[in-house]
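Keep in mind the model is a prediction, meaning the values are calculated, not measured. Below, read A as the first sequence line, B as the second, and so on, with proteins coming before strands; counting in each chain starts at 1.
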Number of protein chains: 2
Amino acid sequence: MDVLIVEDDALHRAFLNEAVRAALPECGQVIEAENGLKGEAQARASRAEHVVMDLQMNERNGIEAARTIWRERPDTKILFWSNYSDEAYVRGVARIVPEGATYGYVLKSASEERLKLALRSVFVESQCVIDREVRGIQQKSFGNSPGLTDAEYEILVDVAVGLTDKAIAQRKHLSLRSVQNRLQQLYEKLDVYETPGQGSEGWFNLRTRAVAVALSRKVLNASAIERAERDLRQSAGI
Amino acid sequence: MDVLIVEDDALHRAFLNEAVRAALPECGQVIEAENGLKGEAQARASRAEHVVMDLQMNERNGIEAARTIWRERPDTKILFWSNYSDEAYVRGVARIVPEGATYGYVLKSASEERLKLALRSVFVESQCVIDREVRGIQQKSFGNSPGLTDAEYEILVDVAVGLTDKAIAQRKHLSLRSVQNRLQQLYEKLDVYETPGQGSEGWFNLRTRAVAVALSRKVLNASAIERAERDLRQSAGI
DNA sequence: GCAATATCTGCGGGTTCCCGCAAGACTTGA
DNA sequence: TCAAGTCTTGCGGGAACCCGCAGATATTGC
């Protein structure tokens, strides 16, 4: 029972290594990789079925690395260990989990106890463990925050990478007007008006404003946009 | 000679504490704060003149915390210790350094040696120490990356928070056409066209596209947008 | 002082965005 | 089956965006 650790921060990597050995004394090798790319390679080479994965990494982020790992071996058990509970990350992970795969999502701010427990639950018991806070985001509409539909989220992403209405319509096989309808919906959900307070008028360009709001609400983040961009290039740029 | 550590990650905080004590055996108390807000309070309370500051934090990020600390005591020596060398962060720091203040900027990926050296240089020798990689960004136009003018950067930020051309013109006391000129300039610098490859036409909305490109190029980041938004509310929302 | 360069400004117009209105197409449930 | 709701599509128009053109206004270097 080998364990692969994919984490770019040296301190955290060492900490994880120790935590893994403590939580799983029966485990075999503990392999380390310092970015997503090397993580993929190591997973392939070592055939480890247990992975602890950071999400925010330079070379290739955790979501993409996990996707390729799962594509090659869908029964791999992956525990995501991340600083953030951004909606964008949570969505990103949920989007790539294969049918019936076991995984976990623990925040770095969690106690060492929680981490070790999650390690055992996911790797030994094959049980999914999702952090409270993250769970709250999965079953959206938490607090007064939006809770976007998948359709709304998708159009948000398309807008954020910079596509025009027409281009989106074409990509999604919709009419121009439908795209604009969804946009209006999105604006409403994100609480985006053309004017900030009262009085004056015409302060905001709704399109870019929506992106700004989504970013500050953590519905979107830069890596989600980059992912979308790659998908775009791949599907249209051929 | 007390030292204040402002860092939200517990592991890094402990590591820093140890590094400070090792590099500055003559130092007095080492105080810790786990976010920008508490950091400001601690700086005020402890009257520490030496601060090690993380940049990316939840409650209040390092740039804002540093700004208020420097506003109260401009002779405070601050060593920024960050994961990233995003142009957005580098600009953010450069923007708030008071005349003649001594500070440093070290990446977390640097060796422990470099960190300790920087600690001594900044705190004892009152010498500014900026990491190589960061330096490269300060004196812009590195690689094929843009290297935006201040004017271009400012309009980029305004666009990114979602303002219309008219609103920007008003804020900046410019004519509408001038704003659009700067925008054109910006589009050119960021290499933003309305069409991605060849053939087809009208794929991109330049305005949002520019934001997307700036984000993925790390010229902008979410916290820079949030900062701009706060400034906006303050100046216009009164 | 005087060109050369860079910026600011107004005008005009083609395109896109934003959206109210209203008629079809689809799902849902009684 | 019919009604209510949601989603889609077309039309039309006012506003905003993007930009070429050209004159006015600094700023710079010699």
Side-chain angles (χ1 to χ4, degrees), chain A residues 140-141 146-196 199-214, chain B residues 140-141 146-196 199-214 232 236:
Chain A
K140 35 210 135 188
S141 76
L148 299 184
T149 312
D150 284 348
E152 287 156 0
Y153 182 73
E154 280 182 28
I155 208 173
L156 170 61
V157 172
D158 283 343
V159 166
V161 346
L163 294 175
T164 61
D165 293 2
K166 206 196 296 182
I168 299 174
Q170 203 166 317
R171 254 167 73 71
K172 289 271 161 43
H173 306 292
L174 287 173
S175 77
L176 192 61
R177 192 56 179 90
S178 294
V179 172
Q180 296 176 329
N181 273 337
R182 292 190 178 183
L183 269 174
Q184 271 184 267
Q185 234 171 303
L186 180 68
Y187 297 150
E188 202 170 338
K189 279 273 185 73
L190 289 178
D191 213 44
V192 168
Y193 315 109
E194 72 174 351
T195 151
S200 43
E201 80 238 28
W203 278 84
F204 285 138
N205 172 314
L206 299 187
R207 175 166 283 252
T208 43
R209 181 64 185 161
V211 175
V213 170
Chain B
K140 36 210 136 189
S141 76
L148 299 183
T149 314
D150 284 348
E152 287 156 1
Y153 182 74
E154 281 181 29
I155 207 174
L156 169 61
V157 172
D158 282 345
V159 165
V161 339
L163 293 177
T164 61
D165 293 2
K166 207 197 297 181
I168 298 174
Q170 202 167 317
R171 255 168 71 72
K172 289 269 160 47
H173 305 291
L174 288 173
S175 76
L176 192 60
R177 192 58 178 90
S178 295
V179 172
Q180 296 177 328
N181 273 337
R182 292 191 176 181
L183 269 174
Q184 271 184 265
Q185 235 171 301
L186 179 68
Y187 296 150
E188 202 169 339
K189 279 273 184 72
L190 288 178
D191 213 44
V192 168
Y193 315 109
E194 71 174 353
T195 150
S200 42
E201 78 241 25
W203 278 84
F204 285 139
N205 172 315
L206 299 186
R207 174 166 285 250
T208 43
R209 182 63 185 159
V211 175
V213 170
L232 174 65

Taking the side chain as everything from C-beta on, heavy atoms only, tell me whether B:D158 gets closer than 4.5 Å to B:V179.
no
Nucleotide by nucleotide, nucleotides 19-25 of chain C touches protein heavy atoms under 4.0 Å in the pattern (B base, S sugar-phosphate only, - none) BBB----
Report the distance from atom CG of A:L174 to atom P of D:dG10, rounded to the nearest whole Å.
11 Å
Assess the residue pair B:I155 and B:K172 against the criterion (side chain to side chain contact (heavy atoms under 4.5 Å, CB included)); give the C-alpha distance rounded to whole Å, side-chain angles, the decisive distance to 0.1 Å, and a yes or no.
CA-CA 9 Å; B:I155 207 174; B:K172 289 269 160 47; 5.9 Å; no
Distance check needed: C:dC17 C1' versus B:L163 CG, whole Å only.
17 Å
So how far is it from B:E154 CD to B:L156 CG, rounded to the nearest 0.5 Å?
10.5 Å
By nearest-heavy-atom nucleotide on DNA chain D, the more 5' of A:Q185 and A:L176 is A:Q185
Interatomic distance, A:I168 CD1 vs C:dT16 P [rounded to whole Å]:
13 Å
Go through the structure and list residues passing salt bridge (Lys or Arg N to Asp or Glu O under 4.0 Å) with A:R209, not counting sequence neighbours.
B:E229
Please walk me through it: do B:F204 and A:L163 pass side chain to side chain contact (heavy atoms under 4.5 Å, CB included)?
CA-CA 4 Å; B:F204 285 139; A:L163 294 175; 3.6 Å; yes
Rounding to a whole Å, what distance do you find between B:K172:NZ and C:dT9:C1'?
18 Å
Any B:S178 side-chain nitrogen or oxygen under 4.0 Å from OP1 or OP2 of C:dC8
no
Distance-only, no hydrogens or angles: does the A:T149 side chain make a donor-acceptor pair with backbone N or O of A:E152 under 3.5 Å?
no
Between P on C:dT9 and CD on B:Q170, what's the gap in Å once rounded to a whole number?
14 Å
Using atom CG of B:L186 as one end and atom P of D:dC19 as the other, report the distance to the nearest whole Å.
11 Å
Expressed in angstrom and rounded to an integer, what is the separation of A:Y193 atom OH from D:dA16 atom P?
19 Å
Show your reasoning for whether side chain to side chain contact (heavy atoms under 4.5 Å, CB included) applies to B:L174 and B:R182.
CA-CA 11 Å; B:L174 288 173; B:R182 292 191 176 181; 3.7 Å; yes
Taking CG from A:N205 and P from D:dA16, how many angstroms apart are they, rounded to a whole number?
10 Å
So do the side chains of B:N181 and B:R177 get within less than 4.5 Å of each other, counting heavy atoms only?
yes
How far apart are the closest heavy atoms of B:A214 and B:L190, and which atoms are they?
CB-CD1, 4.4 Å
In degrees rounded to 10°, what angle is found between the helical axes fit to the five outermost pairs at each end of the helix from C:dG1-D:dC30 to C:dA30-D:dT1?
40°
